[in-house]
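Since the structure is predicted, the reported quantities are computational estimates derived from the model, not experimental observations. Just so you know, ligand 1 is whichever comes first in the structure, and atom 1 is the first atom listed for that ligand.
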Amino acid sequence: MSDTIERIKCLIIGSGPAGYTAAIYAARADLKPIMYTGMEPGGQLTTTTEVDNFPGYPEGIDGPTMMVQLQQQAERFGTEVRIGMVTSVDLSDEVGGIHKVTVDNTTQIEAETVIISTGATAKYLGLESEQRLRGGGVSACAVCDGFFYKGQDVAIVGGGDTAAEEASYLANICTSVTMLVRRDEMRASKAMQHRVNSIKNIDIRYNTEVEEVLGEQVVEGLRMVNNQTGEKEEIEITGLFVAIGHKPNTDIFKGQIDMDDTGYIITEGKSTKTNKPGVFASGDVQDKEYRQAVTAAGTGCMAALDAERYLASVETAVEA
Ligand code: NDP
């Protein structure tokens, strides 16, 4: 541990659209925020090529460039962006209490407010061919990347609400969507199942798994296997969407911050308040439903405003 412990007003953990937007607002409110970027500076968008659905970019923008610009905007108002991984936290239960955060197992920081924007990580199947073709036709976000497959044949893996919703989204854009469900039924709600069943260009294959994604540089096809009969089949596709769930990056907060049974942070009402006074959560770490850059940015703004109001109320209480 270092000798002197730094004491700050606002610590932002995570550097996706939620974290940077929180940083822009917190810096402009003179909270002098410090951000720790985590292992993947810029977050999930840095693995996306083109972002076409963020308002204000009529020509679209590539994900990494957008994140660099968000960082520059946050720094322009005085945010200090540091590369580092928060490895443990000791969050106070008291209003006005100090939250202790350890970075890279060595540096300790004391913060009056903490904004958690650590995001979520898409799950992948783990096949070598799938990993090799990520960015070359394999995607974990149909809403982000579906447009590039307009008029083409694609496949989607998964049987949950996300897969069902993304399959119907893709069916509007693409010629055909083959949906691979590993069991003999879907996990998705009945309403979503009904929806995908009623769309003509979605071909649902039950008891079916991906054996290999075909193609060298880009996706050209898929070899699938029926896990009941062992029967294999190859189909030609140009895009494979993996929709088998996300894992929120909340392990370091377990036991301190209230979460739902899948690990997403629970926030209070329409706010970004967590169960700990002065600790706020924004972005995908508290949202399993919308998961868009623009919604993450919106909640990042809310978290900074909540932090600012919290600090003002603590100050008023001390003065009174
Ligand atoms: P889920 O965990 O609900 O579903 C994951 C799906 O992927 C399941 O069908 C699962 O199969 C399948 N799967 C998991 N691992 C593999 C694998 N290795 N190979 C093949 N298939 C696999 O995740 P979702 O992202 O769909 O949803 C997360 C949460 O968000 C849910 O609570 C959902 O209801 C909610 N949500 C709600 C929406 C809405 O209300 N509009 C929209 C989107 C999500 P199996 O069933 O066999 O485990």
List of N/O pairs, ligand 1 versus protein, all under 3.5 Å?
residue, atom, partner, partner atom, Å
ligand 1, 9 (O), Gly159, N, 2.9
ligand 1, 9 (O), Gly160, N, 3.2
ligand 1, 11 (O), Arg182, NE, 3.3
ligand 1, 25 (O), Thr162, OG1, 2.6
ligand 1, 26 (O), Asp161, N, 3.3
ligand 1, 26 (O), Thr162, N, 3.0
ligand 1, 26 (O), Thr162, OG1, 3.2
ligand 1, 34 (O), Asp161, OD2, 2.6
ligand 1, 41 (N), Glu165, OE2, 3.1
ligand 1, 46 (O), Arg183, NE, 3.3
ligand 1, 46 (O), Arg183, NH2, 2.8
ligand 1, 46 (O), Arg187, NE, 2.9
ligand 1, 46 (O), Arg187, NH2, 3.2
ligand 1, 47 (O), Arg182, NE, 2.9
ligand 1, 47 (O), Arg183, NE, 2.7
ligand 1, 48 (O), Arg182, NH2, 2.9
ligand 1, 48 (O), Arg187, NH2, 2.6

*Apply the test side chain to side chain donor-acceptor pair (under 3.5 Å) to residues Glu75 and Gln71: give CA-CA distance (whole Å), side-chain angles for both, the deciding distance (0.1 Å), then the verdict.*
CA-CA 6 Å; Glu75 287 175 335; Gln71 177 172 345; 3.1 Å; yes
*Apart from Val101 itself, what residues make up its hydrophobic cluster, given side-chain heavy atom links below 4.5 Å?*
Ile8, Leu11, Ile13, Ile34, Tyr36, Val86, Val89, Leu91, Val103, Ile109, Val114, Ile116, Ile252, Phe253, Ile257, Met259, Ile265, Val279, Val285
*Quick one: list whatever passes disulfide bond (SG atoms under 2.5 Å apart) with Cys141, sequence neighbours left out.*
Cys144
*Go through the steps for Tyr25 and Phe77 under the test ring-ring contact (aromatic ring centres under 6.0 Å, His included), then give the verdict.*
CA-CA 9 Å; Tyr25 275 77; Phe77 298 111; 9.4 Å; no
*Could you list all the disulfide bond (SG atoms under 2.5 Å apart) pairs where at least one residue sits in residues 163-275, not counting sequence neighbours?*
none
*Show your working on side chain to side chain donor-acceptor pair (under 3.5 Å) between Glu231 and Asn226 and close with a plain yes or no.*
CA-CA 5 Å; Glu231 198 180 317; Asn226 182 307; over 6 Å; no
